[in-house]
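The structure appears right after this line, and notes come after that.
By convention in this document, chain letters (A, B, ...) are assigned in the order of the sequence lines, proteins followed by strands, and residues within each chain are numbered from 1. Keep in mind that the numbers below use all heavy atoms, side chains included, and drop hydrogens, waters and symmetry copies.
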Amino acid sequence: MMSATGRVMSGQSHHTIGAAGPTGSIGDTDLESIQALDQFLASVEKRALRMAAISTGNTEDAMDIVQDAMMKLASRYGRRPQSQWGALFHRILQNTLMDWHRRYQRQGRWRRWFGSYPHDQEEVDCLDSLPDPAMREPGKDLQANETIAVLEHAIHQLPLRQQQALMLRLWEGLSVADTAQAMGCTQGSVKTHYSRAVTMLRKKLEGYWP
Amino acid sequence: MKPEQSEQNFLLRVRSALDESANHIDEATSAQLASVRQRAVNASVASRSPNWLAAFYPRWRTPQQSLAAAIVTLVIVAAVTLMVSPARSPNDAAAHLEDLELLSSSDDLELYQNLDFYLWLEDEQPQG
């Protein structure tokens, strides 16, 4: 079954779905729709979590963001046609991420004002823990987990809009038009953000990804 | 190697690394995700209460049309109430109008903020 994004949905879903809503039993059509919703969410949840974790820099906030997005989709738009769920979910997820970043920046300003900025103290540049690429033995590649860590950190350092364009276009495989809808911007902006993201990412990974 | 091919190879590596990152989420996190998903599905079940507006306006099912129908209904009810009720002081009338404004203001302000997105979604709906 293809999702609205065109990616094959292969999520595992073995939940017991409640058969009775607040007004009594639900019909067969509703039950099918709810099962389809469960499968859709199962197909997007892991990528959504990684996307949010890379963007926020921490898994706990990422989990809250993904939960928010799932709840909003399910409770407000779960009865929309299934073909729209992908676009809706991505829009909701990106909006929630932007809200998080706005709050984070506001809190950062207050904390800097009062001399306390925990996020600065907690963030560790993972690139510091890796051997200097210039000192690495020729032909010795990064281990797989180091490759992923380096990549995720590099993406995390991109401006938010570039991150979004990169993840939605490259990882989710959305078209320029669909990415523009998810990001709430023009198609021209998507192309610009994406192009800059790719250029900057290649530059950041120059020494680590031969 | 041509620059375009080099960039394509790079992007394939990025995508592959991200896929690996998503596929190797630990068990505890996977369980937490499953729990979050279950709550969302339950919320969807709970939200499937009868759309009473559809009983009066069966063809008005999109969010925009349902909202418009709700506003029209409220205005009609308010107008009828004002007409049949005894003479009121200006303060009472102002309070009624304020209540009407509060009632008709959507608790889903997000609808207005994302109206262009919903219109696009309607256009994207498959034909036939």
Contact class of B:Ile25 relative to chain A, heavy atoms under 4.5 angstrom:
side chain

What part of B:Ser6 is in contact with chain A, defined as an atom under 4.5 angstrom from a non-hydrogen atom: side chain, backbone, both or neither?
both

Partner residues of B:Leu12 under the side chain to side chain contact (heavy atoms under 4.5 Å, CB included) criterion, sequence neighbours left out
none

Which atom names give the shortest non-hydrogen contact between A:Arg202 and B:Pro3, and what distance separates them?
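Reported closest heavy-atom pair: NH1-O, 4.4 Å.
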
Indicate the ring-plane relationship of A:Tyr104 and A:Trp100, choosing parallel, tilted or perpendicular according to the 30° and 60° boundaries.
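Rings of A:Tyr104 and A:Trp100: parallel, under 30°.
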
Heavy-atom distance under 4.5 Å to chain B: side chain of [X], backbone, both or neither?
| X | answer |
| --- | --- |
| A:Leu88 | both |
| A:Met51 | neither |
| A:Leu201 | both |

Quick check for you: among A:Met71, A:Glu152, A:Met167, which has the greatest number of heavy-atom pairs under 4.5 Å with chain B?
A:Met71

Find the one option among A:Val66, A:Ile54, A:Leu166, A:Leu49 whose heavy-atom pairs under 4.5 Å with chain B are most numerous.
A:Leu49

Any side-chain donor near an acceptor of the partner, A:Ser55 and A:His101, under 3.5 Å:
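Yes, A:His101 and A:Ser55 have a side-chain donor paired with an acceptor closer than 3.5 Å.
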
Looking only at side-chain N and O atoms, does A:Arg196 offer a donor or acceptor that is under 3.5 Å from a partner on A:Thr192?
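No - no donor-acceptor pair under 3.5 Å links their side chains.
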
A:His90 and A:Gln181, any side-chain heavy atoms less than 4.5 Å apart:
no

